[in-house]
Trainee: 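Quick one: this structure, given as structure tokens, is what I'll be asking you about.
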Amino acid sequence: MTWRAPSDAPIALDATLGSGQVFHWKKDVEGIWHGLVGDVPLRVRERGGRLLAEPGRGGLARRYFSLDHPLEEIYARFPVDRASIEALEMCRGLRMIRQPRWECLATFITSSMKKVAHIRAMSTALRLKYGTPVAGSDIRAYPSPEALAAASEQGIRECGLGYRSGNLLLTARRIADGLTDLDALAALPTPDLRRALEGLPGVGVKVANCALLFAYERLDAVPIDVWIRRVLLTMRNGRSGTPSQFARYARLRLGPYAGYVQQYLFHRARTGL
DNA sequence: CGCCAGGGTCTCG
DNA sequence: CGAGACCATGGC
């Protein structure tokens, strides 16, 4: 099997798949990453700072890993404070992943007050219990809104979701019933899209920003979790404030690709130093 | 045992 | 709008 590079664009694959954007990819002993894009199995690896994909999957991989994003232009707009510079040096090549919209929104509804390892465990349990098998992969597809809408809250709770179970169920029902169309929302300008997302159960400011950044290509959206809040607190020399003040500070300070900067800062903060 | 985790919602000023 | 209480779970 000859693997091909779908693009000459550089990528840091381990950082990209290990930075808390997606929670279902696994790296084997040979360094090959196994995952799914929706219900399509994909295997990729990195060589010489470039992405290699299986034959016939180049286009899918190029889009999923956003190899079209202009990293050099993004880096030219990076802030020049100490934390951002160190994050860029540590994470150079990290790319935002273009995620399926429901899968992204649902996993971040389950993410509140949970560690990354727990989010992965809940995602795995939900896929096992409610997802459909995928030929050629040992990972099941993320359960559809319809599959979860047909489940019981207790059944979902048994996947370890705790109080998040009700919110996931309610939002799944709203989408399965056709009251909200996540794909149609993509046509909206960001402020309207944000409002629509925040109207869904379990979706507040932070989760909406995750969906905006990871599933709607709004690269200026900045999810502010406890890690990023600490980073911003240091940038502000310890000066605290309200959530809206931190959001405003991040928007002004992190620039036009604030979402990208945020992801680099998050990965640096979480993986040490 | 206490503490923390990619928070949201509701209530009360 | 802002602050506080409450909401489950699991690892350390």
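Quick caveat: nothing in here was measured; it's all calculated off a predicted structure. Residue numbering restarts at 1 for every chain, and letters A, B, ... go by the order of the sequence lines.
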Trainee: Between B:dG2 atom P and A:Met113 atom CE, what is the distance in whole Å?
Mentor: 16 Å
Trainee: Using heavy atoms to find the nearest nucleotide of DNA chain B for A:Phe214 and A:Gly202 separately, return the residue whose nucleotide is more 5′.
Mentor: A:Phe214
Trainee: In plain terms, say whether A:Arg101 and A:Asp183 are close enough for a salt bridge, that is, a side-chain N and a carboxylate O under 4.0 Å apart.
Mentor: yes
Trainee: Taking atom types as modelled and ignoring hydrogens, do the side chains of A:Arg194 and A:Thr190 form a donor-acceptor contact shorter than 3.5 angstrom?
Mentor: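 A:Thr190 and A:Arg194 do not have a side-chain donor-acceptor pair below 3.5 Å.
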Trainee: If two hydrophobic side chains count as joined below 4.5 Å and joins carry through other members, does A:Trp102 share a cluster with A:Met96?
Mentor: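 Hydrophobic grouping puts A:Trp102 with A:Met96.
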Trainee: Are A:Arg236 and A:Phe246 in a cation-pi contact, defined as NZ or CZ under 6.0 Å from the six-membered ring centre and within 45° of the axis?
Mentor: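 Yes - A:Arg236 lies over the ring of A:Phe246, closer than 6.0 Å to its centre and within 45° of its axis.
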Trainee: Taking NZ from A:Lys206 and C1' from B:dT9, how many angstroms apart are they, rounded to a whole number?
Mentor: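 The distance from NZ of A:Lys206 to C1' of B:dT9 comes to 17 Å, rounded to the nearest Å.
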Trainee: Do side-chain atoms of A:Gln262 reach the backbone of A:Gly259 as a donor and acceptor pair under 3.5 angstrom?
Mentor: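 Judged by distance alone, yes, a pair lies under 3.5 Å.
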Trainee: Does the side-chain ring of A:Phe266 lie flat on the base of B:dG6, meaning centres under 5.5 Å and planes less than 30 degrees apart?
Mentor: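 The base of B:dG6 is stacked with A:Phe266 (centres under 5.5 Å, planes under 30°).
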Trainee: Which residues, if any, of residues 150-172 of chain A bring a heavy atom under 4.0 Å of DNA chain C?
Mentor: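 Of all residues in residues 150-172 of chain A, the ones placing a heavy atom under 4.0 Å from DNA chain C are A:Arg157, A:Gly160, A:Gly162, A:Tyr163, A:Arg164.
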Trainee: If you look at every strand shown and take non-hydrogen atoms under 4.0 Å, does A:Arg120 touch a base, only sugar-phosphate, or nothing?
Mentor: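 No contact.
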Trainee: Using the side chain to side chain contact (heavy atoms under 4.5 Å, CB included) rule, take A:Trp25 and A:His34 through it: C-alpha gap first, then chi angles, then the decisive distance, then the call.
Mentor: CA-CA 6 Å; A:Trp25 284 77; A:His34 301 250; 5.6 Å; no
Trainee: For A:Leu200, report the nucleic acid contact type (base, sugar-phosphate, nothing); a contact means any heavy atom under 4.0 Å.
Mentor: sugar-phosphate
Trainee: Quick one: A:Met122 CE to B:dG7 P, roughly how many Å, whole number?
Mentor: 10 Å
Trainee: Please give, in whole Å, the distance from B:dG7 C1' to A:Leu105 CG?
Mentor: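 So the two atoms are 14 Å apart, to the nearest Å.
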Trainee: Remember a base hit wins even if backbone is also touched, and classify A:Ser19 as base, sugar-phosphate or nothing at under 4.0 Å, heavy atoms.
Mentor: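 It contacts base atoms.
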Trainee: Give me the atom names and distance for the closest heavy-atom approach of A:Pro201 to A:Leu170.
Mentor: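 Scanning both residues, the minimum pair turns out to be CG-CB, 3.8 Å.
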Trainee: Which of residues 240-264 of chain A sit near DNA chain C, with a heavy atom under 4.0 Å from it?
Mentor: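 Only A:Thr242, A:Ser244 qualify.
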Trainee: Walk along DNA chain C from 5' to 3' and tell me the first and last nucleotide with an atom closer than 4.0 Å to a non-hydrogen atom of chain A.
Mentor: C:dG2 to C:dG11
Trainee: When you compare C:dA5 with B:dC3, how far apart are their P atoms, in angstrom units rounded to a whole number?
Mentor: 15 Å
Trainee: Would you say that more than 12 heavy atoms from the other residues, nucleotides or ligands in this model lie under 6.0 Å from the CZ of A:Arg248, or not?
Mentor: no
Trainee: Checking A:Arg57 side chain against A:Pro41 main chain: does a donor-acceptor pair fall under 3.5 Å?
Mentor: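 A pair under 3.5 Å: yes.
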Trainee: Specify whether A:Tyr260 and A:Tyr264 have parallel, tilted or perpendicular ring planes, treating 30° as the upper limit for parallel and 60° as the lower limit for perpendicular.
Mentor: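 Taking A:Tyr264 first and then A:Tyr260, their aromatic rings sit tilted (interplane angle of 30° to 60°).
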Trainee: Measure CD1/A:Ile224 against P/B:dG7 and give the value in whole Å, please.
Mentor: 12 Å
Trainee: So, A:Ser152 versus A:Gln154: side-chain donor-acceptor pair below 3.5 Å or not?
Mentor: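 No donor-acceptor contact under 3.5 Å links the two side chains.
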Trainee: Sub-3.5 Å donor-acceptor pair from the side chain of A:Arg164 to the main-chain atoms of A:Ser112, do we have one?
Mentor: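 Yes, A:Arg164 side chain to A:Ser112 backbone: donor-acceptor pair under 3.5 Å.
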Trainee: Touch check for A:Ile109, heavy atoms < 4.0 angstrom, all strands: base, sugar-phosphate only, or nothing?
Mentor: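 No contact.
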Trainee: Can you tell me how far P of B:dG6 sits from CG of A:Leu232, to the nearest Å?
Mentor: 16 Å
